[in-house]
Protein chains: 2
Amino acid sequence: MTTPRRDTYTPDSLLQVAVQVFNERGYDGTSMEHLAKAAGISKSSIYHHVSGKEELLRRAVSRALEGLFGILDEPPAREGRAADRLEYVVRRMVEVLIAELPYVTLLLRVRGNTGTERWALERRREFDHRVAELLKNAAAEGDVRGDVEVRLATRLVFGMINSIVEWYRPDGRTGARREVADAVVQLVLTGLRG
Amino acid sequence: MTTPRRDTYTPDSLLQVAVQVFNERGYDGTSMEHLAKAAGISKSSIYHHVSGKEELLRRAVSRALEGLFGILDEPPAREGRAADRLEYVVRRMVEVLIAELPYVTLLLRVRGNTGTERWALERRREFDHRVAELLKNAAAEGDVRGDVEVRLATRLVFGMINSIVEWYRPDGRTGARREVADAVVQLVLTGLRG
DNA sequence: AGAGTAACCGAACGATCGGTCGGGACAAGG
DNA sequence: CCTTGTCCCGACCGATCGTTCGGTTACTCT
């Protein structure tokens with residue numbers, strides 16, 4: 001029998017360390033030696049838990065993508081006026097971004113050098129497209145100003161939301177997440193409705 | 001005498017090629033072999049024009065920073081109501097971002113692994129701080145809504161503007177730059193004034 | 001034509017890259 | 001006790017990294 005032992009790494013707990021280093025140095029700028037040092041084990045020991053560097057990246061971006069796509073399956077994102085669904089999705093995106101901060105950060109920085117990275121970019125584009133349709137529908141229903149092109153507005157809104165990973169750092173304050181989400185919704189939606 | 005010859009690389013024309021590759025593969029993900037292949041010369045020839053990989057990075061981010069800091073020296077950024085100065089700076093930031101797109105793109109992706117990168121990050125923070133003060137003054141003069149914290153708003157606005165480098169690609173249309181600048185100003189400033 | 005030099009090249013440098021290998025320490029189950 | 005499997009290690013692999021070096025080509029100027 002294999003009773004799980006304590007004080008030892010699992011693929012997930014190792015991933016937690018790896019993602020942090022990836023975000024500090026960049027994926028390409030991080031060597032397995034860097035990971036080993038940060039994890040406190042030898043380089044070769046890492047390969048006991050995961051198949052290699054790219055699997056760590058794949059696990060990380062998968063987790064981020066699951067969080068984001070999960071939003072679109074939630075009922076408030078599927079029912080009601082498009083403008084209301086859009087507001088819900090924007091708010092939830094901020095929440096997921098913050099809840100899964102290091103993983104989403106890594107996802108938003110992939111460049112496309114490997115197969116895994118290109119797959120991540122493709123899934124991201126898919127998600128962006130789904131949200132863009134929401135905004136398009138809101139415009140068609142007359143809840144969004146007509147003088148700003150929808151594609152342009154989508155990109156700017158995504159830019160604002162995604163930029164959160166560049167500066168948000170968790171603190172003790174409860175409600176900090178809600179405060180950020182409120183600010184984004186205010187800025188984006190009053191700007192769009194204006 | 002040394003008359004400059006045609007059809008040969010200068011440090012600047014080589015930089016142009018290098019920055020494009022850096023933006024496609026990431027700085028750390030780009031080898032000197034990649035640069036040599038893209039430039040159509042051998043790896044060792046690159047060292048005839050520049051001292052090494054890091055000088056290319058330094059030249060690129062310097063050019064981007066000069067463009068951005070130049071905005072703050074322009075008269076409309078220095079005189080008048082803070083809200084008007086802010087609008088001017090936001091609009092010019094978009095214009096400079098687009099005019100110097102590849103260089104600013106590289107600047108915004110710097111991670112801080114080398115001395116040059118840390119210097120670039122520091123200058124960026126300095127610029128952000130200057131613009132943040134503009135927004136703070138606009139709030140003090142009553143031209144910006146009070147229910148969104150200034151630091152938070154600054155970051156979101158920067159996020160929206162900086163995200164342009166992630167999707168804007170030059171096309172033939174004249175006025176495309178102005179269109180983007182208008183959209184950003186509309187979204188940001190009506191959102192802030194709302 | 002000859003001198004000088006800018007531009008370039010292939011080969012090789014030591015260092016580091018991601019990854020492999022054989023084996024040791026240790027705990028659990030018989 | 002001994003086996004079994006987890007977890008980890010140092011040593012090492014071929015490949016690639018950024019950079020250096022000696023030398024060749026080709027153009028400019030006198």
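Residue numbering restarts at 1 for every chain, and letters A, B, ... go by the order of the sequence lines.
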* Rounded off to whole Å, could you give me the CG-to-P distance for the Asp28(B) and dT16(D) pair? => 18 Å
* Can you name the ring-ring contact (aromatic ring centres under 6.0 Å, His included) partners of Phe69(B), sequence neighbours left out? -> Phe127(B)
* Asked: Is the shortest side-chain N/O distance from Ser45(B) to OP1 or OP2 of dA7(C) below 4.0 Å?
  -> no
* To do: Determine yes or no for a side-chain-to-main-chain donor-acceptor pair under 3.5 angstrom, with Arg125(A) supplying the side chain and Ala120(A) the backbone.
  => no
* To do: Using atom NE2 of His49(B) as one end and atom P of dC8(C) as the other, report the distance to the nearest whole Å.
  => 4 Å
* Are side-chain N/O atoms of Gln186(A) and Thr190(A) paired as donor and acceptor at under 3.5 Å? -> no
* **Protein-nucleotide distance (His48(A), atom NE2; dG19(C), atom P), rounded to Å** => 17 Å
* Hey, are Glu79(B) and Arg85(B) close enough for a salt bridge, meaning a charged N less than 4.0 Å from a carboxylate O? -> no
* Rounded off to whole Å, could you give me the CZ-to-P distance for the Arg58(A) and dG18(C) pair? => 17 Å
* **Interface with DNA chain D, restricted to residues 32-42 of chain A and to heavy atoms under 4.0 Å** => Ile41(A), Ser42(A)
* To do: Kindly write out the residues that satisfy side-chain hydrogen bond (donor to acceptor under 3.5 Å, both in side chains) with Asp12(B), not counting sequence neighbours, or none if the list is empty.
  => none
Could you list the protein-to-nucleotides 11-16 of chain C atom pairs, N/O on both sides, closer than 3.5 Å?
none

* Does Glu33(B) come within less than 4.0 Å of Lys37(B), counting only side-chain N to carboxylate O? -> no
* So, His34(B) side chain and Ser31(B) main chain: donor-acceptor pair closer than 3.5 Å or not? -> yes
* Asked: Looking at Tyr27(A), is Lys53(A) sitting on its ring face, NZ or CZ under 6.0 Å from the six-membered ring centre and within 45 degrees of the normal?
  -> yes
* To do: Enumerate the residues from residues 13-26 of chain A whose closest heavy atom to DNA chain D is under 4.0 Å, giving them by residue number; use none for an empty result.
  => none
* Is Arg81(A) salt-bridged to Asp143(A), going by a charged N under 4.0 Å from an acidic O? -> yes
* Atom pair distance, as rounded to whole Å: OH in Tyr9(A) and P in dC8(D) -> 8 Å
* How would you label the contact of Thr30(B) with the nucleic acid (heavy atoms, under 4.0 Å): base, sugar-phosphate, or nothing? -> sugar-phosphate
* **Spacing of Tyr47(A) atom OH relative to dC12(D) atom P, expressed in whole Å** => 18 Å
* Decide, yes or no, whether a salt bridge links Arg91(A) with Asp182(A) under the criterion of side-chain N to carboxylate O below 4.0 Å. => yes
* Residues in side-chain hydrogen bond (donor to acceptor under 3.5 Å, both in side chains) contact with Ser42(A), at least two apart in sequence or another chain -> Ser44(A), Ser45(A)
